[in-house]
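Convention: sequence-line order gives letters A, B, ...; per-chain numbering from 1.
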There are 2 protein chains.
Amino acid sequence: MSITRDVSVSVSEVMNGRASQSPRARCPAPFLLKTFDLLEEEEGEGNERDGRRRRIVSWNEDGNGFVVWSVQEFSEFILPKYFKHNNFSSFIRQLNTYGFKKSAPNRWEFQHEKFQKGNKHLLVEITRKKCEPSVFPSFLKAYTKDSAADVEENNHLLLEENKNLRKEKLELQMQIAQFKALEIKLLDCLSQNMGSQSKVRRTC
Amino acid sequence: MSITRDVSVSVSEVMNGRASQSPRARCPAPFLLKTFDLLEEEEGEGNERDGRRRRIVSWNEDGNGFVVWSVQEFSEFILPKYFKHNNFSSFIRQLNTYGFKKSAPNRWEFQHEKFQKGNKHLLVEITRKKCEPSVFPSFLKAYTKDSAADVEENNHLLLEENKNLRKEKLELQMQIAQFKALEIKLLDCLSQNMGSQSKVRRTC
DNA sequence: GGACAGAACGTTCTAGAACATGTC
DNA sequence: GACATGTTCTAGAACGTTCTGTCC
């Protein structure tokens with residue numbers, strides 16, 4: 001009974017649902033593949049075309065990120081080749097969606113822990129950010145969305161209860177004060193009425 | 001007593017505080033002025049330089065918006081001339097902050113109701129979007145900013161206080177119970193010790 | 001095979017947030 | 001130093017497109 005077979009599915013894949021689908025299962029998101037391929041093409045034979053491309057976009061020195069050297073050319077020539085648009089901002093949006101971080105000021109360099117030169121297999125570990133919240137079953141979304149309001153409501157209820165408790169406490173304290181006064185009166189009565197009979201201690 | 005003099009200050013100006021400041025009072029935001037000037041330069045004599053510029057950015061046909069024709073040249077040559085950066089996305093962010101809307105797909109055209117060719121005086125009507133919420137006096141900002149955390153914290157404190165109040169209430173109720181028991185004992189003592197002397201009522 | 005619903009993914013436009021800078 | 005404004009990086013939100021399982 002080898003139930004350990006074929007369970008090499010990462011947590012992240014289960015999380016974002018990729019693992020449960022047939023063709024796309026165990027495949028990186030299209031965006032990641034395209035971006036990776038786009039960069040791998042840099043590693044070509046170094047002919048004129050690749051040389052030109054290398055000035056537009058490339059892996060960084062350490063191979064743990066990439067740099068868009070010419071936004072204009074990247075947008076005009078590279079993007080439409082791999083995607084259905086030529087907007088640099090859309091490309092950036094996708095990078096952020098998949099958790100990439102801009103890793104240098106003054107130039108368009110981005111990094112992701114699992115996006116490394118030569119390690120295409122790591123791409124499956126990269127998940128859409130939107131998937132993290134949606135680990136919550138969707139039917140809980142409404143609750144999550146209104147949590148702020150809920151907290152406020154909770155607050156209000158607590159405040160009400162607090163007010164009532166304070167009021168009750170005050171009433172109890174007044175009762176106790178009356179009891180104390182009563183005790184004194186009773187003791188007075190006792191000491192007076194018992195007169196010469198016997199001593200009375202407060203504990204009776 | 002003409003108190004109606006010099007009250008030509010628009011509501012929006014009062015709202016965003018521009019009207020209360022001296023030099024900048026009744027002045028459009030720097031960003032708006034710069035963007036407007038940048039476009040007004042298009043209306044020059046039409047010499048070579050302006051001709052070139054016109055291909056980069058210009059008012060639209062109706063004069064109720066403008067178009068950045070070449071993002072690359074706009075970013076490289078125009079932006080650093082007027083602002084402290086050359087990022088097109090930062091320029092876009094500012095446009096959105098001031099309520100401009102992208103008014104055409106497939107090209108970088110933006111419009112704002114009060115941003116019109118030849119009507120520089122309308123610029124004072126354009127306010128930062130952030131100012132709408134900050135109609136709230138600024139001294140409330142801290143509260144507003146931390147409100148979520150505050151509410152949570154408040155909640156926690158209330159919960160603690162509630163717990164203590166319940167505890168105190170219980171203790172008070174126990175005290176009262178003891179007092180009641182004591183009262184009964186005292187009354188017993190009284191009735192016993194007074195014997196034949198006189199009747200004792202609980203109110204003594 | 002075709003229709004269709006639901007989910008994942010992509011594209012676009014706008015806003016949030018943190019920090020920097022400048023101004024009074 | 002409080003406040004408005006500017007700059008940067010990231011996220012929200014709406015909507016469109018593609019994929020996939022299901023039912024007929």
Side-chain angles (χ1 to χ4, degrees), chain A residues 13 15-25 27-35 75 79-80 82-112 126-134 137-138 145, chain B residues 13 15-25 27-35 79-80 82-112 126-134 137-142 144-146 148:
Chain A
E13 285 170 307
M15 288 306 200
N16 75 356
R18 301 193 78 75
S20 60
Q21 288 163 19
S22 261
R24 274 191 176 177
C27 282
F31 171 78
L32 299 171
L33 271 181
K34 290 175 182 175
T35 305
S75 304
L79 284 182
Y82 293 86
F83 307 101
K84 293 187 206 67
H85 64 87
N86 61 351
N87 290 314
F88 191 62
S89 52
S90 293
F91 180 68
I92 302 297
R93 186 68 193 89
Q94 282 284 72
L95 287 175
N96 284 320
T97 296
Y98 283 95
F100 284 73
K101 302 286 183 188
K102 194 164 182 289
S103 49
N106 302 323
R107 68 179 187 183
W108 297 104
E109 176 171 340
F110 290 90
Q111 292 184 358
H112 187 291
I126 303 178
T127 63
R128 274 187 148 225
K129 276 197 170 179
K130 280 199 172 179
C131 291
E132 292 173 13
S134 86
S138 58
K145 201 171 186 178
Chain B
E13 284 170 308
M15 289 302 198
N16 73 357
R18 301 195 77 75
S20 59
Q21 290 162 14
S22 263
R24 273 192 175 175
C27 282
F31 170 79
L32 298 170
L33 271 181
K34 291 174 181 175
T35 305
L79 284 182
Y82 292 86
F83 307 100
K84 294 186 205 69
H85 64 87
N86 61 351
N87 290 313
F88 191 61
S89 51
S90 293
F91 180 68
I92 302 297
R93 185 69 192 89
Q94 281 285 72
L95 287 175
N96 284 320
T97 296
Y98 283 95
F100 284 73
K101 303 285 182 187
K102 194 163 183 291
S103 51
N106 302 324
R107 67 179 189 184
W108 297 102
E109 175 169 342
F110 290 89
Q111 291 185 359
H112 186 293
I126 303 178
T127 62
R128 274 189 147 222
K129 276 198 169 180
K130 281 200 173 179
C131 291
E132 293 172 11
S134 86
S138 59
F139 57 82
L140 284 181
K141 233 176 184 176
T144 308
K145 198 172 185 180
D146 297 332

Participant: Determine: side-chain N/O of B:Asn87 to OP1/OP2 of D:dT8, distance under 4.0 Å, yes or no.
Facilitator: yes

Participant: Measure from CZ on B:Phe100 to P on C:dT14 and round the result to the nearest Å.
Facilitator: 12 Å

Participant: Report the distance from atom CG of B:Leu79 to atom C1' of D:dT8, rounded to the nearest whole Å.
Facilitator: 14 Å

Participant: Do B:Phe88 and B:Trp108 come close enough that some side-chain heavy atom pair is under 4.5 Å?
Facilitator: yes

Participant: Angle class for the B:Phe31/B:Phe91 ring planes (parallel below 30°, perpendicular above 60°, tilted otherwise)?
Facilitator: tilted

Participant: Nearest whole Å is fine: how far is D:dC9 C1' from B:Phe91 CZ?
Facilitator: 19 Å

Participant: Please report the distance, rounded to the nearest Å, between CD in A:Glu109 and P in D:dT8.
Facilitator: 17 Å

Participant: To the nearest 0.5 Å, what is the distance between NE2 (A:His85) and OG (A:Ser75)?
Facilitator: 9.0 Å

Participant: Mind checking the CG-CG spacing from B:Leu95 to B:Leu32? Nearest 0.5 Å is all I need.
Facilitator: 9.0 Å

Participant: For DNA chain C, whose closest nucleotide is more 5', that of A:His85 or that of B:Lys84?
Facilitator: A:His85

Participant: Please tell me which of the listed nucleotides, D:dT10, D:dT7, C:dG10, lies nearest to the side chain of B:Ser90?
Facilitator: D:dT7

Participant: To the nearest Å, give me how far apart CD (A:Gln94) and P (C:dG10) are.
Facilitator: 5 Å

Participant: Find the distance between NZ (A:Lys129) and OH (A:Tyr98) and round it off to the nearest 0.5 Å.
Facilitator: 13.0 Å

Participant: Rounded to the nearest Å, what distance is computed from the CH2 atom of residue B:Trp108 to the P atom of nucleotide C:dT11?
Facilitator: 14 Å

Participant: Considering only D:dG6, D:dA11, C:dT14, which nucleotide approaches the side chain of B:Phe110 most closely?
Facilitator: C:dT14

Participant: Looking at B:Lys129, does any N or O in its side chain come under 4.0 Å of the phosphate oxygens OP1/OP2 on C:dA15?
Facilitator: yes

Participant: Please give, in whole Å, the distance from D:dA11 P to A:Leu95 CG?
Facilitator: 12 Å

Participant: For the side chain of A:Arg93, starting at C-beta, report the closest nucleotide among C:dC13, C:dG10, D:dG6.
Facilitator: C:dC13

Participant: Identify which nucleotide among D:dG6, C:dT11, C:dT14 has an atom closest to any side-chain atom of B:Ile92, counting heavy atoms from C-beta outward.
Facilitator: C:dT14

Participant: Rounding to a whole Å, what distance do you find between A:Arg107:CZ and D:dC9:P?
Facilitator: 13 Å

Participant: If you assign each of B:Pro105 and A:Leu32 to its closest nucleotide in DNA chain C, which residue comes earlier from the 5' end?
Facilitator: A:Leu32

Participant: As a test of reading the structure: which of D:dA11, D:dG6, C:dT14 is closest to the side chain of B:Tyr98, going by heavy atoms?
Facilitator: D:dG6

